[in-house]
> 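Once you've had a glance at the structure underneath, I'll fire off some questions.
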Amino acid sequence: TAGQRCPCSAILSAVTEKPVTVDVTVSDTLNVRTHERQDTMNVVQVRPAGPGDLAQVSCIYAHFVRTSVATFDLDVPPAAYWEPKLDSAAPGDHFLVACQQDNVVGFAYSGSFRPRHAYDRTRETSVYVAQTAAGRGLGTRLYGALLDLLRADDVHLVVAMVAEPNPASNRLHRRLGFNEVGTLDEV
C-alpha cells in the first residue's frame, strides 16, 4: 500500500533497434483495433494526450498511488502534475492515452532518463492501465505505440523501473523486448 517501503525495484531496459512484435494494427493516426472483434465496444484509440485527458489520467494514477508501491509516490499528485509531461516538446518525450468510447482507460509516457546531454537518446517510460481495463492487452498496445514513436525519434535505449513484486508488469516489459539489467534494493 502507499507509504510502505518497496523491497526492491528492477531496472528494465530495451534497445529500440531490437524488433518488437505487437499484435495490433497501428495506423498513421495511432488508431488501434483489436483483432478478435470489430464492434465499436472493442475499439481503442491510442492518441497523444490532451489537456482534457488529465483529470482521467490523474484518477487512474491515484488508484496506483493508494493501492500499490508501483508509482513510488506517497501522495496523490494534483492534476497539474501532468501538465509538464503533456507540454514537453523534447525529442523522445511523449504522452499517450488509450481511449475507449471517450474514456481514458490507460496512459503511457516517456521522458528524460537523466538531465545530462549524454542521455539524450535514452528515455524512461511508464504505463498505467485503469483497473477496469486491466488484462485486455491495453498496456501492450500503449507501449507498442510509444516504442514506435521512440524509434522514430531515434531513441537508442528505453528504461523502465518496476517496483517488485509485479509479475504482470515484468511480463509486459519482457514481451516488448525489455531485459532486467539491475536492481535497486530497498529504495
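All values derive from a computational prediction rather than experimental measurement.
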> Taking all non-hydrogen atoms of both residues into account, name the closest pair between L150 and H94 and its distance.
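Looks like CD2-CD2, 3.9 Å.
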> Which pair of heavy atoms, one from R141 and one from R136, lies closest together, and at what distance?
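Shortest heavy-atom contact: NH2-O, 3.5 Å.
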> Taking all non-hydrogen atoms of both residues into account, name the closest pair between D153 and G92 and its distance.
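Scanning both residues completely, I find the closest heavy atoms to be OD2-N, 3.0 Å.
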> Can D75 and R66 be counted as an ion pair, charged N to O under 4.0 angstrom?
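So D75 does not pair with R66 through a salt bridge.
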> Rounded to the nearest 0.5 Å, what separates atom CD in E124 from atom OH in Y119?
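Nearest 0.5 Å value for the CD-OH distance: 12.0 Å.
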> Ignoring hydrogens and geometry, is there a side-chain-to-backbone donor-acceptor pair from S126 to Y109 under 3.5 Å?
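Not at all, since once roles are kept as given, no pair shorter than 3.5 Å links the two residues.
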> Where do E164 and N170 land on the side-chain hydrogen bond (donor to acceptor under 3.5 Å, both in side chains) test, with the steps shown first?
CA-CA 9 Å; E164 297 294 348; N170 288 337; 3.1 Å; yes
> Quick check against the 3.5 Å criterion: does Q56 have a side-chain atom that pairs as donor or acceptor with the backbone of V104?
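Checking the backbone N and O of V104 against the side chain of Q56, a donor-acceptor pair under 3.5 Å is found.
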> Side chains of Q45 and Q100: does their closest heavy-atom pair fall under 4.5 Å?
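With C-beta onward as the side chain, the pair stays apart.
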> Within the structure provided, determine whether F95 and V57 are in side-chain contact (heavy-atom separation under 4.5 Å).
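F95 reaches V57 side chain to side chain.
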> Do L86 and L54 touch side chain to side chain, with heavy atoms closer than 4.5 Å?
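Touching, per the 4.5 Å side-chain cut-off.
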> Just by distance, do the side chain of R123 and the backbone of P91 share a donor-acceptor pair under 3.5 Å?
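Checked: pair present.
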> Check this for me, if you would: do K85 and D93 make a salt bridge, where the nitrogen-to-carboxylate-oxygen distance has to be below 4.0 angstrom?
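The answer is no: the pair does not qualify as a salt bridge.
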> Which pair of non-hydrogen atoms, one from P48 and one from D53, has the smallest distance, and what is that distance?
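Smallest heavy-atom distance, with atoms named: O-OD2, 4.3 Å.
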> Take atom CG of D87 as the centre, draw a 6.0 Å sphere, and report whether it contains more than 12 heavy atoms from other residues, nucleotides or ligands.
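Yes, because the 6.0 Å sphere around CG of D87 holds more than 12 heavy atoms from other groups.
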> What's the shortest heavy-atom distance between S110 and L146, and which atoms?
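Looking at all heavy atoms of both residues, the closest pair is OG-CD1, 3.7 Å.
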> Looking at T183 and D185, would you say the former's side chain and the latter's main chain have a donor-acceptor pair under 3.5 Å?
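Not confirmed, T183 side chain does not pair with D185 backbone.
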> Below 4.5 Å, heavy atoms only, C-beta onward: do V43 and Q101 meet side chain to side chain?
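No. Closest side-chain heavy atoms not under 4.5 Å.
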> Would you sort out whether T140 and R175 count as a side-chain hydrogen bond (donor to acceptor under 3.5 Å, both in side chains), showing the intermediate values?
CA-CA 8 Å; T140 301; R175 182 177 333 133; 2.9 Å; yes
> Taking H63's backbone N and O only, do any of them form a donor-acceptor pair with T67's side chain (distance below 3.5 Å, no angle check)?
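Yes.
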> Flag the pair L138 / V44 as yes when at least one side-chain heavy-atom distance between them is below 4.5 Å, and no otherwise.
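A side-chain contact under 4.5 Å exists here.
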> Looking only at non-hydrogen atoms, find the nearest pair between A108 and V127 and report the distance.
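Result for this residue pair: CB-CG2, 3.9 Å.
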> Are any of the side-chain heavy atoms of L147 and L176 separated by less than 4.5 Å?
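Counting from C-beta outward, L147 and L176 do come under 4.5 Å.
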> Describe, in one word, how the ring planes of H173 and F178 are oriented to each other, choosing from parallel (under 30°), tilted (30 to 60°) and perpendicular (over 60°).
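Ring orientation of H173 relative to F178: perpendicular.
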> Between W82 and F107, what is the ring plane arrangement, given parallel below 30°, perpendicular above 60°, and tilted in between?
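Perpendicular, since the angle between the ring planes exceeds 60°.
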> Are side-chain heavy atoms of V129 and V105 found at a separation under 4.5 Å?
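Of all side-chain heavy-atom pairs linking V105 with V129, none is under 4.5 Å.
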> Can you confirm whether R47 sits close enough to C99 that some side-chain heavy atom of one is under 4.5 Å from a side-chain heavy atom of the other?
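Yes - at least one pair of side-chain heavy atoms lies under 4.5 Å apart.
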> Would you find a donor on one side and an acceptor on the other, under 3.5 Å apart, between the side chain of D73 and the backbone of V76?
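Not confirmed, D73 side chain does not pair with V76 backbone.
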> Between L142 and V46, is the side-chain contact (heavy atoms from CB on, under 4.5 Å) condition met? List the steps.
CA-CA 7 Å; L142 276 163; V46 175; 4.1 Å; yes
